[in-house]
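The model shown is predicted, which means the values in this text are computed figures rather than measured ones. Residue numbers begin at 1 in each chain, while the letters A, B, ... track the order of the sequences.
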2 protein chains.
Amino acid sequence: MPQNTRSTQQRRLIMELMEGNYSHPTADEVYELARAKEPRISRGTVYRNLNLLSDENKIRRLSMPIGPDHFDCNTDNHYHFLCHACFHVFDTNIKYKESLNADPAGMPGFKTEWHRLILVGLCPECAAKEKKGT
Amino acid sequence: MPQNTRSTQQRRLIMELMEGNYSHPTADEVYELARAKEPRISRGTVYRNLNLLSDENKIRRLSMPIGPDHFDCNTDNHYHFLCHACFHVFDTNIKYKESLNADPAGMPGFKTEWHRLILVGLCPECAAKEKKGT
DNA sequence: GTAACTGCAAACACTTTGCGAAGCA
DNA sequence: TGCTTCGCAAAGTGTTTGCAGTTAC
């Protein structure tokens, strides 16, 4: 990260697109949204800004067991559900377990900084489609 | 997956390398191990066989929030710790929560098939190095 | 003025895939 | 014999990076 970050048009646009966007978009989805408003914006700029905003904790990067990373405007600790059919990401109601970041029992010396819990399966819509198809 | 899978030299070699190997190697590490015994083996073959063996549940694919996938000869459900300095993967002693695969409370319609919990931080060795460096 | 940032394109890391030859059942 | 698998190389996906020009402060 540079010492002084600046407020550029592109950065403001990307932050605006993320604010209040609870769809957990991928970098490419943000790129498409951004391009609709600012056609000259480049993919590199979107990636760079998403990385910078994550580093500044203004958004959260969500790495998935399948496919590209997603980004979340909600930086509160919470867990996600990934549908392996439509690849949408959903928030879960599972309570965040702060205790998992404490030294895991029986693993002295390990310093946990963060943890990731992801459920993978089918969302209601895709589960219904699956049923119909069978 | 094909209807009938065969027992080839390469597949047997890769399975042998995985059996009793608790170091959670990446595909590339398996490739290097395999090449030491069978120099003509190709990367594609290693990837194909690791995928096939995972599909057959003879090994387990571990997707990490950083870096390439790892593979585990232990197919029992358990959780892992990733050191973000040396990128080694360790088994944790955290009890597997079967209940997370039940319908998450308050999320009717979602069908969870599996879940992944990964702790990220520093292993004892890298934590010690970090301390020294500071 | 100058460090931070941009667009662009090339490079990168990891993985999959198309093909013709070889091998297992 | 016929389907599976192989080695090889090329392509695919998602992301980062070097560069020369531009912009914020």
**Message:** Tell me the interatomic distance from B:I41, atom CD1, to C:dA22, atom P, rounded to whole angstroms.
**Reply:** 18 Å

**Prompt:** Side chains of A:H88 and A:E125: do they bring a donor and an acceptor to under 3.5 Å?
**Reply:** no

**Message:** Could you check whether the side chain of B:R35 and the base of D:dG7 have a donor-acceptor pair of N or O atoms closer than 3.5 Å, going by distance alone?
**Reply:** no

**Of B:Q10 and B:R43, the one whose closest DNA chain C nucleotide lies more 5'** = B:R43

**Message:** Looking at B:D76 and B:R60, is any side-chain nitrogen of the basic one under 4.0 Å from a carboxylate oxygen of the acidic one?
**Reply:** no

**Fill in**
Its contact letters, B for base, S for sugar-phosphate only and - for none at protein heavy atoms under 4.0 Å, make nucleotides 20-25 of chain D read ---BBS

**Message:** For the CE atom of A:M64 and the NE2 atom of A:H24, what is their distance to the nearest 0.5 Å?
**Reply:** 7.5 Å

**Message:** Can you tell whether the side chains of B:D72 and B:R61 come within less than 4.0 Å, N to carboxylate O?
**Reply:** no

**Complete:** Between A:R61 and B:L52, the residue closer to the 5' end of DNA chain D by nearest nucleotide is B:L52

**Request:** Please check if any side-chain donor atom of A:R116 sits under 3.5 Å from a side-chain acceptor atom of A:S63, or the reverse.
**Result:** yes

**Value in whole Å for how far the C1' atom of C:dC14 lies from CZ of B:F87** = 14 Å

**Message:** Is the phosphate of C:dT15 approached by B:N51 (side-chain N or O, under 4.0 Å from OP1 or OP2)?
**Reply:** no

**Message:** If the cut-off is 4.0 Å, is A:R40 near the phosphate of C:dC8, judged by side-chain N/O to OP1 or OP2?
**Reply:** yes

**Complete:** B:L50 atom CG is separated from C:dT15 atom P, nearest whole Å, by 10 Å

**Prompt:** Measuring from B:L82:CG to A:H115:NE2, what's the distance to the nearest 0.5 Å?
**Reply:** 14.5 Å

**Request:** Provide, to the nearest angstrom, the distance between the OH atom belonging to A:Y31 and the C1' atom belonging to D:dT15.
**Result:** 14 Å

**Request:** Could you check how far OH of B:Y47 sits from P of D:dC6, rounded to whole Å?
**Result:** 16 Å

**Prompt:** If only side-chain N and O atoms of B:N4 are considered, is one of them under 4.0 Å from the OP1 or OP2 phosphate oxygen of D:dG2?
**Reply:** no

**Message:** Is it true that B:N101 and B:Y96 share a donor-acceptor pair across their side chains at a distance under 3.5 Å?
**Reply:** yes

**Prompt:** Using a cut-off of 4.0 Å on non-hydrogen atoms, how would the nucleic acid contact of A:R48 be classed: base, sugar-phosphate, or nothing?
**Reply:** base

**Request:** Just call it for B:D69: base, sugar-phosphate, or nothing, with non-hydrogen atoms closer than 4.0 Å on any strand.
**Result:** sugar-phosphate

**Request:** Calculate the interatomic distance between B:R11 atom CZ and C:dC24 atom P; express it in whole Å.
**Result:** 11 Å

**Message:** What is the distance, to the nearest angstrom, from the CG atom on A:D28 to the P atom on D:dT15?
**Reply:** 8 Å

**Item:** Rounded distance (Å) that lies between atom P of C:dT6 and atom CD1 of A:I14
**Value:** 7 Å

